[in-house]
**Q** 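Quick one: this structure, given as structure tokens, is what I'll be asking you about.
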Amino acid sequence: MHVPHLLQQRFIDALKDFTDRPEQYASMIRGTSDPKHGDYQANCAMPLAKQSKDGKNPREIAAMLVAKLELDDICEPPEIAGPGFINLKLRDRFLTDSLANMLGDDRCGVAQVETDKPIVIDFSSPNVAKPMHVGHIRSTVIGDSLARTLRFLGYPVVTDNHLGDWGTQFGIIIYGYKHFGDPDVVESNPVTELAKLYRIVNQLVEYRKASKSLPKLKQTIEDARQVVTEAKDTVEQAEDKQLKKAKKTLAAAERRLAGAETGLASAEEKILKVEQDSDLGPKAIAHANIDTEVLEETAKLHRGDPENISLWNRFLPHCKDEINRIYARLDIHFDHTLGESFYHPMLADVTAKLEQLGLASDSDGALCVFLPEFDAPMIIRKQDGAYLYATTDLATLEYRLTEFNPSEILYVVDTRQSEHFEKLFAVADHFGLSEVKLVHVNFGTVLGEDGRPMKTRSGTLIGLESLLNDAVDRAKQVVCNPERLVNFDPPMDAEEQDNIAEAVGIGAIKFADLSHHRTSDYRFNLDKMVALDGNTSAYVQYSYARMQKILQNANASDDDVAALVREHGVEFTHIAERNLVLQLIRFEEALNTVHKDYAPNHLVDYLLETAKAYSRFNDNCHVLKAESKSIRATRLAIVFHCKQTLGKGLNLLGIDVVPRM
RNA sequence: GUCCCCGUGGCACAAUUGGAUAGCGCGUCGGCCUCCGGAGCCGAAGGUUAGAGGUUCGAAUCCUCUCGGGGAUGCCA
């Protein structure tokens with residue numbers, strides 16, 4: 001049920017006398033911003049008046065259009081308002097019939113698109129071998145929600161987790177194993193031990209890098225100080241016109257100075273941390289070239305060194321177990337997990353092809369694709385012969401086109417990689433891979449409570465798993481506190497309590513992430529997410545549980561509700577009923593918006609609105625004590641369908657419901 | 001230096017992509033439990049959408065400039 005589409009059909013017929021492009025103008029139908037203007041509004045009269053040759057004003061056009069429209073079976077007579085809005089109010093009869101028709105439909109009235117070309121969604125894509133952290137939430141949760149939603153709309157969806165399983169992090173683990181690893185311990189407890197080795201070596205590498213950067217940072221600070229002093233002098237001497245420019249230069253210099261100073265401070269902190277550590281300190285001295293040696297281990301792996309390949313084969317399954325445990329807990333599944341290693345054998349071909357086509361050329365010993373629209377080239381092979389992620393991405397793209405023949409490929413990746421994808425798509429176009437719609441579904445940064453990005457290097461980063469545990473613990477404290485539990489009959493056993501805490505806690509994190517528009521940054525605040533009041537998943541889950549309880553008390557099965565409706569019909573006696581049903585038939589609209597923008601926050605918004613409309617209904621319209629059988633049948637139908645819709649909506653966000661909480 | 005993104009009540013975020021009086025939540029203040037579950041509902045206060053111009057019947061949204069914040073920028077991903 002997509003009311004705007006229905007109305008558009010009628011508008012197209014009526015618009016044929018006004019324009020050659022009736023579809024374009026008919027598409028200007030949307031929900032009203034204020035219910036007093038009706039349910040939907042058509043905004044086409046104003047732009048039509050602009051095109052009008054005989055100088056008719058928008059209200060005249062609107063009146064002529066209304067006279068031609070045939071909407072009696074859907075709407076009350078349209079009203080013209082303001083500069084020329086056509087306001088449409090659905091007939092109650094239309095709403096009640098729609099509700100009766102949708103009842104028991106497991107698609108909640110949402111039409112299924114007919115297409116056999118799949119949409120490939122590339123998301124999550126963590127680097128294995130390092131622990132997943134809060135920064136991995138966004139791609140994982142947004143991608144999963146898009147996959148669920150598009151699949152529900154009827155698109156064949158192929159999900160692919162483009163695992164980082166071939167990069168420097170394996171050089172780190174291999175180095176760690178060779179120098180600090182105890183084979184027996186690794187054998188008996190691989191996941192923890194490998195993570196530990198990663199942490200040790202990574203810290204030592206960071207230590208080396210920090211040490212090396214010290215002189216340069218100090219020099220930068222000295223230079224910047226000088227520039228600042230000079231700029232200050234200039235500002236003092238400058239007159240009107242130069243003054244502004246001088247101030248700007250000064251501000252820029254001060255920013256550079258501040259940046260360098262914080263860089264120095266953090267480098268010194270890293271160094272101190274290692275040197276003061278009784279374990280790491282001596283290791284840092286003994287492994288003075290650890291940074292380059294780690295790269296060499298990686299290079300050996302890529303060259304096919306038997307020992308490193310064998311270690312990689314041994315470690316990779318454990319690394320995958322580690323992330324799969326988290327995916328299982330998040331209820332996230334992939335059709336394919338084709339990591340970078342899978343494409344490694346194809347990279348030589350890709351670069352050769354690009355050279356043959358004259359797209360790639362040598363520059364400073366590296367193989368580069370130069371693009372007219374970009375200053376910097378896309379480097380596809382380094383001076384040392386190693387390939388880069390751009391190369392892998394091209395190979396991946398080529399593989400996906402031949403393997404899946406998709407209509408779209410979505411890359412759910414951090415917005416900081418925008419330029420990379422712009423280049424990738426541009427090269428793909430030149431490369432003859434343009435038969436597909438490529439979309440970088442970018443997203444903003446997760447910020448800490450201080451408003452600064454949560455960076456991987458900060459050291460004190462919250463691991464994803466402990467984060468989930470915290471959320472679930474907190475959910476349990478609130479949901480299962482003893483004062484609440486006494487009200488439940490039969491009492492909740494420990495298993496039910498755990499299930500509820502899990503659904504509410506995990507749901508809170510997903511919901512909070514998805515509630516923000518994907519392109520904006522947001523501050524991560526666990527307290528608010530799990531607060532269980534306000535705009536949270538718990539509010540929606542709770543609404544669901546209330547409806548479940550009513551249906552249970554009514555002792556009415558799905559079939560019973562349908563039979564009651566057939567017997568008594570559907571009829572509104574309270575405005576809250578009408579408002580809720582109107583909200584419910586707009587489910588498909590919300591899902592289409594999610595697809596159009598690849599933005600699940602529209603679905604979140606819809607679910608909150610729906611839950612709110614339900615709460616008002618619940619306050620005003622008693623179901624079980626309804627005045628008549630027909631009113632009771634109507635309200636049962638509303639509760640039943642609302643429950644279905646909220647449950648489905650949450651499911652499309654990847655969030656579970658529980659029968660009571 | 002160049003390019004990209006952002007700036008919305010005290011806080012944190014929306015805004016159907018140019019539509020009517022800019023919304024929701026938290027917080028604050030005031031109401032509502034003989035009511036299917038009060039994790040709720042109703043009401044109030046709080047905004048020159050960073051600022052200045054421009055385009056338009058109509059601008060948070062598009063254009064120009066200014067201020068402020070963040071990001072990217074040839075051998076990481």
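Lettering of chains follows the sequences in order, A, B, ..., and the numbering in each one begins at 1.
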**Q** In this structure, how many angstroms lie between the C1' atom of B:C24 and the NE2 atom of A:His602, rounded?
**A**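 One finds 14 Å between C1' of B:C24 and NE2 of A:His602, rounded.
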**Q** Taking only the side-chain heavy atoms of A:Asp375 (C-beta and beyond), determine which of B:G37, B:U2, B:A39 contains the nearest atom.
**A**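 In terms of side-chain proximity for A:Asp375, the closest of B:G37, B:U2, B:A39 is B:U2.
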**Q** Rounding to an integer number of angstrom, what distance separates B:A44 and B:C6 when you compare their P atoms?
**A**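 So the two P atoms sit 34 Å from each other.
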**Q** Taking only side-chain N and O atoms of A:Ser33, does any of them lie within less than 4.0 angstrom of OP1 or OP2 on B:A20?
**A**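 For B:A20, OP1/OP2 do have a side-chain N/O of A:Ser33 under 4.0 Å.
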**Q** Expressed as a whole number of Å, how far does the C1' atom of B:C63 sit from that of B:G18?
**A**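 One C1' to the other, the span is 14 Å.
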**Q** Do A:Asp122 and A:Ser125 have a side chain donor and acceptor closer than 3.5 Å?
**A**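 A:Asp122 vs A:Ser125: donor-acceptor pair found between side chains.
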**Q** Using heavy-atom distances to pick each residue's nearest nucleotide on RNA chain B, tell me which of A:Asn601 and A:Pro47 is more 5'.
**A**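 By nearest-heavy-atom nucleotide position, the 5'-most residue is A:Asn601.
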**Q** Considering only NZ, NE, NH1 and NH2 on the basic side and carboxylate oxygens on the acidic side, decide whether A:Asp414 and A:Arg138 come within less than 4.0 Å.
**A**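 Answer for the salt bridge query: no.
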**Q** Looking at A:Arg635 and A:His622, would you say the former's side chain and the latter's main chain have a donor-acceptor pair under 3.5 Å?
**A**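 Yes; judged by distance alone, with no hydrogens or angles, the pair exists.
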**Q** On a plain distance test, is the side chain of A:Asn618 in donor-acceptor contact with the base of B:C36 below 3.5 Å?
**A**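 A donor-acceptor contact between them is present.
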**Q** Quick one: which of B:G40, B:C75, B:G58 gets closest to the side chain of A:Arg546?
**A**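 Of the candidates, B:G40 comes closest.
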**Q** Once hydrogens and angles are ignored, does a donor-acceptor distance under 3.5 Å link the base of B:C24 to the side chain of A:Asn535?
**A**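 Such a pair is found, so the answer is yes.
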**Q** The side chain of A:Leu388 is closest to which nucleotide in this list: B:G74, B:C36, B:A77?
**A**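 So the side chain of A:Leu388 is nearest to B:A77.
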**Q** What does A:Val479 touch in the nucleic acid at a heavy-atom separation under 4.0 angstrom: a base, only the sugar-phosphate, or nothing?
**A**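 Base, at least one base heavy atom under 4.0 Å.
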**Q** What integer number of Å spans the C1' atoms of B:G1 and B:G47?
**A**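 Per the computed distance, 38 Å lies between those C1' atoms.
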**Q** Tell me the stems RNA chain B sits in, counting at least three consecutive Watson-Crick or G-U wobble pairs, each under 3.5 Å on both distances.
**A**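 Stem list for RNA chain B: B:1-7 with B:67-73, B:28-32 with B:40-44, B:50-54 with B:62-66.
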**Q** Need one value for A:Asn553: base, sugar-phosphate or nothing, where a base atom within 4.0 Å counts as base even if backbone is also close, heavy atoms only.
**A**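 Here A:Asn553 touches the backbone only, sparing every base.
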**Q** By nearest atom, which of the nucleotides B:C36, B:G74, B:A15 is closest to the A:Pro377 side chain?
**A**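 The closest nucleotide is B:G74.
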**Q** When all nucleic acid strands are considered with a 4.0 Å heavy-atom cut-off, which category describes A:Gln41: base, sugar-phosphate, or nothing?
**A**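 Base contact.
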**Q** Remember a base hit wins even if backbone is also touched, and classify A:Lys612 as base, sugar-phosphate or nothing at under 4.0 Å, heavy atoms.
**A**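 Sugar-phosphate: the residue A:Lys612, judged by heavy atoms under 4.0 Å, touches backbone atoms but no base.
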**Q** So what does A:Cys44 touch, heavy atoms closer than 4.0 Å: a base, only the sugar-phosphate, or nothing?
**A**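 Counting heavy atoms under 4.0 Å across all strands, no contact is made by A:Cys44.
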**Q** Could you check if a side-chain atom of A:Leu367 sits within less than 4.5 angstrom of a side-chain atom of A:Ile379, using non-hydrogen atoms only?
**A**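 Of all side-chain heavy-atom pairs linking A:Ile379 with A:Leu367, none is under 4.5 Å.
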**Q** When the distance from CG of A:Asp619 to P of B:C32 is rounded to whole Å, what number comes out?
**A**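 To the nearest whole Å, that distance equals 15 Å.
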**Q** Regarding B:G74, can its base be found pairing with the side chain of A:Ser363 as donor and acceptor, where the two atoms are less than 3.5 Å apart?
**A**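 Under the 3.5 Å cut-off, the side chain and the base do form a donor-acceptor pair.
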**Q** Expressed as a whole number of angstroms, how long is the span from A:Glu483:CD to B:A39:C1'?
**A**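 My rounded result for the distance is 13 Å.
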**Q** Treating A:Ser139 as the side-chain partner and A:His136 as the backbone partner, does any N or O pair qualify as donor plus acceptor under 3.5 Å?
**A**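 Side chain of A:Ser139 to backbone of A:His136, a donor-acceptor pair under 3.5 Å: no, none is there.
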**Q** For A:Arg616 and B:C24, what is the distance between atoms CZ and P respectively, to the nearest whole Å?
**A**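 Spelled out: CZ on A:Arg616 to P on B:C24 is 8 Å.
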**Q** Could you state the atom-to-atom distance from CG of A:Leu371 to P of B:U2 in whole Å?
**A**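 Rounding to the nearest Å, CG of A:Leu371 and P of B:U2 are 22 Å apart.
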**Q** Mind checking whether A:Tyr389 and A:His420 have ring centres under 6.0 Å apart?
**A**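 Between A:His420 and A:Tyr389, which both carry aromatic rings, the centre distance is below 6.0 Å.
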**Q** Considering only the C1' atoms, how many Å lie between B:A12 and B:C32, rounded to the nearest integer?
**A**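 After rounding to an integer number of Å, I get 28 Å for this pair.
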**Q** Looking only at the side chain of A:Gln417 (C-beta and beyond, no hydrogens), which of the listed nucleotides B:A77, B:C75, B:G38 gets closest?
**A**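 It is B:A77.
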**Q** For a quick test of reading the model: is some side-chain N or O of A:Arg660 closer than 4.0 Å to OP1 or OP2 of B:G37?
**A**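 For B:G37, neither OP1 nor OP2 has a side-chain N or O of A:Arg660 closer than 4.0 Å.
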**Q** So what does A:Leu624 hit on the nucleic acid, given a heavy-atom distance under 4.0 Å: a base, only sugar-phosphate, or nothing?
**A**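 Base: the residue A:Leu624, judged by heavy atoms under 4.0 Å, touches a nucleobase.
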**Q** Dump the intermediate steps for ring pair (Phe, Tyr, Trp, His ring centres under 6.0 Å) on A:Tyr544 and A:Tyr614, then the final yes or no.
**A** CA-CA 10 Å; A:Tyr544 181 94; A:Tyr614 170 73; over 10 Å; no
**Q** In whole Å, what separates the C1' atom of B:C36 from that of B:G19?
**A**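 To the nearest whole Å, 41 Å.
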**Q** Tell me whether the OP1 or OP2 atom of B:C41 has a side-chain N or O from A:Tyr539 closer than 4.0 Å.
**A**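 Affirmative; the distance criterion is met.
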**Q** When the P atoms of B:U66 and B:A59 are considered, how many whole Å apart are they?
**A**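 Here B:U66 and B:A59 have their P atoms 24 Å from each other.
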**Q** Hey, what's the ring geometry for A:His517 with A:His602, parallel, tilted or perpendicular (30° and 60° as the breaks)?
**A**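 Answer is perpendicular, since the angle exceeds 60°.
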**Q** Establish, from distance only, whether the side-chain atoms of A:Gln583 and A:Thr610 form a donor-acceptor pair under 3.5 Å.
**A**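 Short answer, yes.
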**Q** Check every atom of B:C76, B:G40, B:G74 against the side chain of A:Lys382 and return the nucleotide holding the closest atom.
**A**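 Looking only at heavy atoms from C-beta outward on A:Lys382, the closest nucleotide is B:C76.
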**Q** Name the nucleic acid region contacted by A:Asn87, choosing base, sugar-phosphate or nothing; use a 4.0 angstrom heavy-atom cut-off, strictly under.
**A**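 Result for A:Asn87 = base.
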**Q** Report the nucleotide, chosen from B:G58, B:A77, B:C26, that has the shortest atom-to-atom distance to any side-chain atom of A:Lys50.
**A**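 Nearest to the side-chain atoms of A:Lys50, counting from C-beta on, is B:G58.
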**Q** Checking only heavy atoms, does the side chain of A:Tyr389 share a donor-acceptor pair with the base of B:A77 at less than 3.5 Å?
**A**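 Yes, the side chain and the base share a sub-3.5 Å donor-acceptor pair.
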**Q** Mind checking if A:Ser615 touches a base, just sugar-phosphate, or nothing, with heavy atoms under 4.0 Å?
**A**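 Sugar-phosphate contact only.
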**Q** Toward the 5' end of RNA chain B, which comes first, A:Asn127 or A:Lys549, by nearest nucleotide?
**A**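 Result of the comparison: A:Lys549.
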**Q** Give the intermediate values and the outcome of side-chain contact (heavy atoms from CB on, under 4.5 Å) for residues A:Tyr539 and A:Ser615.
**A** CA-CA 10 Å; A:Tyr539 179 69; A:Ser615 285; 3.2 Å; yes
**Q** Looking at B:C75, B:C36, B:A39, which one has an atom nearest to any side-chain atom of A:Ile379?
**A**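 The listed nucleotide nearest to A:Ile379's side chain is B:C75.
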**Q** Do any N or O atoms of the protein come closer than 3.5 Å to N or O atoms of nucleotides 10-13 of chain B, and which pairs are they?
**A**
residue, atom, partner, partner atom, Å
B:C13, OP1, A:Arg523, N, 2.7

**Q** Assign A:Glu340 to base, sugar-phosphate, or nothing according to its heavy-atom contacts below 4.0 angstrom with the strands shown.
**A**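 Sugar-phosphate contact only.
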**Q** Using the ring of each side chain (for Trp, its six-membered ring), is A:His595 parallel, tilted or perpendicular to A:Tyr598, with breaks at 30° and 60°?
**A**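 A:His595 and A:Tyr598: perpendicular rings.
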**Q** With A:Glu589, which residues qualify under side chain to side chain donor-acceptor pair (under 3.5 Å), at least two apart?
**A**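 Result, side chain to side chain donor-acceptor pair (under 3.5 Å) vs A:Glu589: A:Tyr40, A:Arg586.
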**Q** Reckon A:Phe421 touches a base, only the sugar-phosphate, or nothing at all at heavy-atom distances under 4.0 Å?
**A**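 The residue A:Phe421 makes no contact with any strand.
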**Q** Determine whether a donor-acceptor pair (N or O, by modelled atom type, separation under 3.5 Å) exists between the side chain of A:His440 and the backbone of A:Val413.
**A**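 Flag set: sc A:His440 to bb A:Val413 pair under 3.5 Å.
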**Q** Under 4.0 Å, heavy atoms only, any strand: does A:Ala386 hit a base, just the sugar-phosphate, or nothing?
**A**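 Answer is nothing: A:Ala386 stays at 4.0 Å or more from every strand.
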**Q** Just to be sure I understand the rule, does A:Met661 reach a base, reach only the sugar-phosphate, or reach nothing, if contact means heavy atoms closer than 4.0 Å?
**A**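 It contacts base atoms.
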**Q** Going through the distances and angles, do A:Tyr606 and A:Phe587 end up as a ring pair (Phe, Tyr, Trp, His ring centres under 6.0 Å)?
**A** CA-CA 8 Å; A:Tyr606 172 82; A:Phe587 189 39; 5.6 Å; yes
**Q** Give one of base, sugar-phosphate or nothing for A:Gly167, where a contact means two heavy atoms less than 4.0 Å apart.
**A**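 Touches nothing.
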**Q** In whole Å, measure the gap between the C1' atoms of B:U48 and B:A52 for me.
**A**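 B:U48 and B:A52 have their C1' atoms separated by 13 Å.
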**Q** Quantified in whole Å, what is the P atom distance between nucleotide B:C24 and nucleotide B:G43?
**A**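 The answer is 10 Å between these two P atoms.
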